[in-house]
Protein chains: 2
Amino acid sequence: MKATIKDIAKKSGHSCSTVSRVINNNPYVSAETRARIQGIIDETGFRPNNVARGLVKGKMNVVVCIIGDRFNQFYAELFSAAEEALNELGYLAVLCYTNYDPAKEEKYLEAVTENNFAGVIMVTAPETPQLTNNLSKLAFPIVLTNRYLVSVPTDVVLTDNYYGGYIAARHLLDLGHRRIAHWSGPDNSTASRDRLRGYCDAMQEAGLQVRDGDVWKGNLQETGGYQFACRLLENPGDVTAVFCGNDMMARGVVVAYAERGRKIPDDLSIVGFDDSPIAVTGTVKLTTVRQHAREMGRAAAEMVVNRMANKDQPHRRLTFTPELVIRESTAACRRTDGPL
Amino acid sequence: MKATIKDIAKKSGHSCSTVSRVINNNPYVSAETRARIQGIIDETGFRPNNVARGLVKGKMNVVVCIIGDRFNQFYAELFSAAEEALNELGYLAVLCYTNYDPAKEEKYLEAVTENNFAGVIMVTAPETPQLTNNLSKLAFPIVLTNRYLVSVPTDVVLTDNYYGGYIAARHLLDLGHRRIAHWSGPDNSTASRDRLRGYCDAMQEAGLQVRDGDVWKGNLQETGGYQFACRLLENPGDVTAVFCGNDMMARGVVVAYAERGRKIPDDLSIVGFDDSPIAVTGTVKLTTVRQHAREMGRAAAEMVVNRMANKDQPHRRLTFTPELVIRESTAACRRTDGPL
DNA sequence: GCGGGATGTAGAAACGTTTCCAGACAGAGT
DNA sequence: ACTCTGTCTGGAAACGTTTCTACATCCCGC
């Protein structure tokens with residue numbers, strides 16, 4: 001069987017307490033004692049049992065990241081940074097995908113409770129009544145990222161999506177575009193809504209009106225962008241630029257145009273969102289709005305362990321400012337024929 | 001604080017043992033007692049603490065899936081099926097990505113040991129000395145999938161990759177192709193090697209010789225396929241068909257050709273591998289070799305819990321037979337000019 | 001030479017379950 | 001009437017840690 005702390009205690013002639021102290025780097029151990037015990041630990045290959053530790057401490061040193069969408073590399077990047085930070089802080093990070101299914105979300109949150117995991121970093125969750133109901137009575141730290149809930153205060157780390165939407169539209173306007181579409185995801189997240197507002201305000205500021213037909217909502221994946229692009233190609237109108245809800249969608253647009261021999265940015269200017277790795281794969285590098293994925297991930301990690309120590313501090317919202325990254329998918333508007 | 005089994009015992013006037021019995025559906029509880037206790041459990045919202053349970057049972061009911069590659073949807077599919085099965089069997093499934101980094105792999109395996117997780121399903125791992133060394137002394141059940149290790153016997157569920165390579169090449173040969181390239185991943189997995197063998201044997205059977213220059217090894221991702229396709233386009237030779245190591249790679253080839261206005265399958269026939277979801281997204285649906293991802297996932301799940309019960313049974317290797325799925329990326333060879 | 005704060009160590013309780021053991025009771029077979 | 005077997009229940013040990021309490025010892029300043 002695996003060696004326990006008692007075995008080490010017996011072998012070294014010391015008590016469990018003392019062995020525990022050397023394991024946990026408690027200063028109240030003499031140099032000789034520490035050396036002797038450490039020697040035995042090393043030669044035995046003893047590793048403390050985290051389950052027992054978890055029982056007395058009241059929590060396992062495991063943080064679960066619950067993510068809606070496994071295709072979005074922005075989340076992957078965010079998680080990877082969070083994991084790195086969590087490891088440094090002594091926690092194991094594991095991943096669960098919900099596929100945006102509220103039932104799965106609930107299942108995972110329940111599992112966290114039952115297993116006394118230390119906390120949760122949750123990346124995107126549509127705001128369902130169950131979720132808000134659950135969140136409000138959860139006993140462990142949870143930090144949301146990317147979107148916040150209007151009905152429940154939580155710790156959250158965000159991008160300033162309003163500003164992101166604003167600079168995306170602003171950039172296209174500066175290039176002379178006048179009819180700018182916005183393709184995004186379902187309307188159930190603050191992230192999407194805030195970006196939309198930013199886009200609308202930029203348009204209005206330029207004296208342009210956003211028409212109903214200019215904003216399309218679909219799935220935030222490559223297929224979504226692909227489909228919308230096909231729809232636009234069939235019925236071009238005078239749209240000369242598109243602001244996409246994320247880079248995956250933007251990629252889908254590029255593919256649809258490439259397949260028909262149309263040129264980006266000549267035939268259409270595209271701004272993505274996220275600046276995820278796929279923004280720079282493929283021939284046309286995307287102009288996009290960079291979210292600071294790694295910084296957000298690290299911040300979320302720090303926030304979640306911070307809350308473990310201070311259970312009752314007020315909830316905090318940390319907002320990162322996105323920035324425009326100009327690459328090859330946008331260019332000055334060449335169409336001058338239409339009105340507006 | 002959260003209710004414990006003792007609180008329930010006190011409230012119901014019964015002992016902890018009895019409460020435990022109703023929680024675990026032990027038959028030795030009278031109907032009335034069970035009803036009364038269950039009532040209290042329900043009204044209290046009591047949930048047993050898995051950590052305490054894990055301590056006495058010697059393991060947490062958590063299975064970790066360790067996956068090398070988060071981009072490959074075939075693995076995602078496999079994991080999703082495994083998770084489903086594991087949930088049915090009473091286990092929580094969580095995910096860790098190694099990015100093919102042996103150090104991360106080791107870290108996760110260590111975490112499994114320290115946290116007494118119930119077992120591991122590991123999807124792809126390059127066979128490093130550390131890994132084999134670690135695996136041979138692990139105390140928990142582990143089942144490998146997709147590739148097996150030559151130096152350590154383990155439980156493993158596989159696709160018959162040799163046969164997969166064979167039918168892929170055979171299909172292209174049947175379409176009249178003679179110069180068929182094979183683009184795959186690094187040579188460190190049995191999966192790649194077996195597919196290569198199958199492809200070579202099919203070629204030889206047809207009286208054709210595989211030349212060194214026909215087999216390229218790169219990264220098994222879209223970028224890998226894209227790069228190889230570019231290389232081929234620059235220097236076409238007489239290759240008319242390609243058998244790709246997986247669907248992502250095949251997709252990359254399609255994109256490269258589309259961007260240059262070349263037609264698939266007219267200019268190049270492509271066979272992928274996996275039949276992952278991306279095989280049917282995009283305009284050209286891929287001809288590919290289907291691996292039975294969901295069946296493999298479920299099998300892996302069953303295998304891992306099976307081994308928990310029977311620690312000393314001999315290791316098993318379960319092989320699924322892949323099948324060719326013919327779609328739009330392959331067509332009869334039209335080039336008849338060159339010798340072979 | 002004596003109280004008093006560090007420093008070092010051991011023993012035992014505690015964490016929340018499961019499970020082993022023992023005992024009570026009932027009905028059935030002799 | 002008696003064992004015997006099966007059903008039901010409670011008490012307590014066990015799982016492997018951390019941590020609380022208690023007790024030495026030492027050195028310091030008086």
Side-chain angles (χ1 to χ4, degrees), chain A residues 1-38 40-41 44-62 90 111 113-118 139-140 308, chain B residues 1-38 40-41 44-62 90 111 113-118 139-140 308:
Chain A
M1 281 278 63
K2 255 187 287 187
T4 73
I5 206 173
K6 280 183 196 164
D7 301 328
I8 307 296
K10 193 163 293 174
K11 220 171 222 176
S12 67
H14 287 275
S15 69
C16 295
S17 344
T18 305
V19 177
S20 173
R21 276 186 283 260
V22 351
I23 295 171
N24 295 289
N25 282 316
N26 181 308
Y28 288 114
V29 184
S30 71
E32 313 96 273
T33 308
R34 160 160 284 130
R36 181 165 48 246
I37 293 181
Q38 190 60 56
I40 297 184
I41 289 178
T44 330
F46 164 78
R47 317 269 0 216
N49 179 330
N50 263 334
V51 181
R53 183 180 276 174
L55 181 58
V56 2
K57 293 237 183 187
K59 69 180 173 73
M60 301 288 288
N61 57 351
V62 175
T113 307
E114 289 178 7
N115 290 288
N116 276 355
F117 291 147
F140 50 82
M308 294 175 202
Chain B
M1 280 283 66
K2 257 187 284 189
T4 72
I5 206 174
K6 282 183 197 163
D7 301 329
I8 308 295
K10 194 162 292 174
K11 221 172 221 173
S12 67
H14 285 276
S15 69
C16 294
S17 338
T18 306
V19 177
S20 172
R21 275 186 281 259
V22 352
I23 296 171
N24 295 288
N25 282 316
N26 182 309
Y28 289 114
V29 184
S30 71
E32 314 96 274
T33 307
R34 160 160 284 129
R36 179 165 50 244
I37 293 181
Q38 190 61 56
I40 298 185
I41 288 178
T44 329
F46 164 78
R47 317 268 2 216
N49 179 330
N50 263 334
V51 181
R53 183 179 276 177
L55 182 58
V56 3
K57 294 237 184 189
K59 69 180 173 70
M60 302 288 289
N61 56 351
V62 175
T113 306
E114 288 176 9
N115 290 288
N116 276 355
F117 290 146
F140 50 81
M308 293 175 202

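What's counted below: heavy atoms across the whole structure, side chains too, no hydrogens, waters or symmetry copies. This structure is a prediction, so every number in the text was calculated from the model and none was measured. Throughout, a chain's letter reflects where its sequence line sits, starting with A, and its residues are numbered from 1.
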*Asks:* To the nearest 0.5 Å, what is the distance between CD1 on B:Ile8 and OG on B:Ser15?
*Replies:*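 Going from CD1 on B:Ile8 over to OG on B:Ser15, the span is 13.0 Å.
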*Asks:* I'd like to check the side chain to side chain contact (heavy atoms under 4.5 Å, CB included) partners of A:Lys10; sequence neighbours left out, ordered by chain and number.
*Replies:*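 Expected list: none.
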*Asks:* Send over the distance from A:Glu32 CD to C:dT9 C1', rounded to a whole Å.
*Replies:*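 Distance, rounded to whole Å: 13 Å.
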*Asks:* Take the C1' atoms of the five end pairs on each side of the helix from C:dG1-D:dC30 to C:dT30-D:dA1, get both axes, and report the angle to 10 degrees.
*Replies:*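 Answer rounded to 10°: the end axes differ by 50°.
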*Asks:* NZ of A:Lys6 versus P of D:dT17: gap in Å, rounded?
*Replies:*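 Going from A:Lys6 (NZ) to D:dT17 (P), I get 9 Å.
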*Asks:* Whole angstrom is fine here: how far is it from CD1 in B:Ile5 over to P in C:dT19?
*Replies:*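 It is 11 Å, rounded to the nearest whole Å.
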*Asks:* A:Ser20: which residues meet the side chain to side chain donor-acceptor pair (under 3.5 Å) condition with it, sequence neighbours left out?
*Replies:*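 Expected list: A:Asn24.
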*Asks:* Which whole-number value in Å describes the distance from A:Leu55 CG to C:dA13 C1'?
*Replies:*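 Taking atom C1' of C:dA13 as the reference, CG of A:Leu55 is at 13 Å.
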*Asks:* Return the value, rounded to whole Å, for the distance between atom CG of A:Asn116 and atom P of D:dT17.
*Replies:*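 The distance from CG of A:Asn116 to P of D:dT17 comes to 18 Å, rounded to the nearest Å.
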*Asks:* Between atom CG in B:Asn26 and atom C1' in C:dT17, what is the gap in whole Å?
*Replies:*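 It is 15 Å, rounded to the nearest whole Å.
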*Asks:* Could you pull out every donor-acceptor pair under 3.5 Å between side chains of residues 47-56 of chain B and any protein atom, sequence neighbours left out?
*Replies:*
unit_1: B:Arg47; atom_1: NH1; unit_2: A:Glu110; atom_2: OE1; d: 3.3
unit_1: B:Arg47; atom_1: NH1; unit_2: A:Glu114; atom_2: OE2; d: 3.2
unit_1: B:Arg47; atom_1: NH2; unit_2: A:Glu114; atom_2: OE2; d: 3.0
unit_1: B:Asn49; atom_1: OD1; unit_2: B:Val51; atom_2: N; d: 2.7
unit_1: B:Asn49; atom_1: OD1; unit_2: B:Ala52; atom_2: N; d: 3.3
unit_1: B:Asn50; atom_1: ND2; unit_2: A:Asn115; atom_2: OD1; d: 3.3

*Asks:* Roughly, in whole Å, what's the span from CD1 in A:Ile8 to P in C:dA10?
*Replies:*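 In whole Å, C:dA10 P and A:Ile8 CD1 are 15 Å from each other.
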*Asks:* Does a side-chain heavy-atom distance below 4.5 Å link B:Ile5 with B:Phe46?
*Replies:*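 They are in side-chain contact.
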*Asks:* From C:dT18, C:dG16, D:dT17, pick the nucleotide closest to the side chain of B:Arg53?
*Replies:*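 From the listed options, C:dT18 comes nearest.
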*Asks:* Could you tell me the separation between the NZ atom of A:Lys2 and the OG1 atom of B:Thr113, rounded to the nearest 0.5 Å?
*Replies:*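 Reported to 0.5 Å precision, the distance equals 6.0 Å.
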*Asks:* Taking side chain to side chain donor-acceptor pair (under 3.5 Å) as the test, write out the residues that go with A:Lys11, two or more places apart.
*Replies:*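 If we apply the side chain to side chain donor-acceptor pair (under 3.5 Å) test to A:Lys11, skipping adjacent residues, there are no hits.
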*Asks:* Given atom CG of B:Asn25 and atom P of C:dT17, what is their separation to the nearest angstrom?
*Replies:*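 Nearest whole value for this atom pair: 16 Å.
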*Asks:* Report yes if a side-chain nitrogen or oxygen of A:Asn24 is closer than 4.0 Å to either non-bridging phosphate oxygen (OP1 or OP2) of D:dT18; otherwise report no.
*Replies:*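 Result: yes.
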*Asks:* Along nucleotides 5-13 of chain D, 5' to 3', which nucleotides get a B, which get an S, and which get a -, given that the test is a protein heavy-atom distance under 4.0 Å?
*Replies:* --SSBBBB-
*Asks:* Closest nucleotide of DNA chain D for A:Lys57 versus for B:Ala52: which of these residues is on the 5' side?
*Replies:*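 First, find each residue's nearest nucleotide; the 5'-ward one identifies B:Ala52.
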*Asks:* Identify which nucleotide among C:dG16, D:dG16, D:dT18 has an atom closest to any side-chain atom of A:Thr4, counting heavy atoms from C-beta outward.
*Replies:*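 Nucleotide nearest to A:Thr4's side chain: D:dG16.
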*Asks:* Where is the tightest heavy-atom contact between B:Arg36 and B:Ser12, given as atom of each residue plus distance?
*Replies:*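 Result for this residue pair: NE-O, 4.1 Å.
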*Asks:* Quick one, A:Ile37 and A:Ile40 - any side-chain contact, counting heavy atoms below 4.5 Å?
*Replies:*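 The answer is no; the side chains never approach within 4.5 Å.
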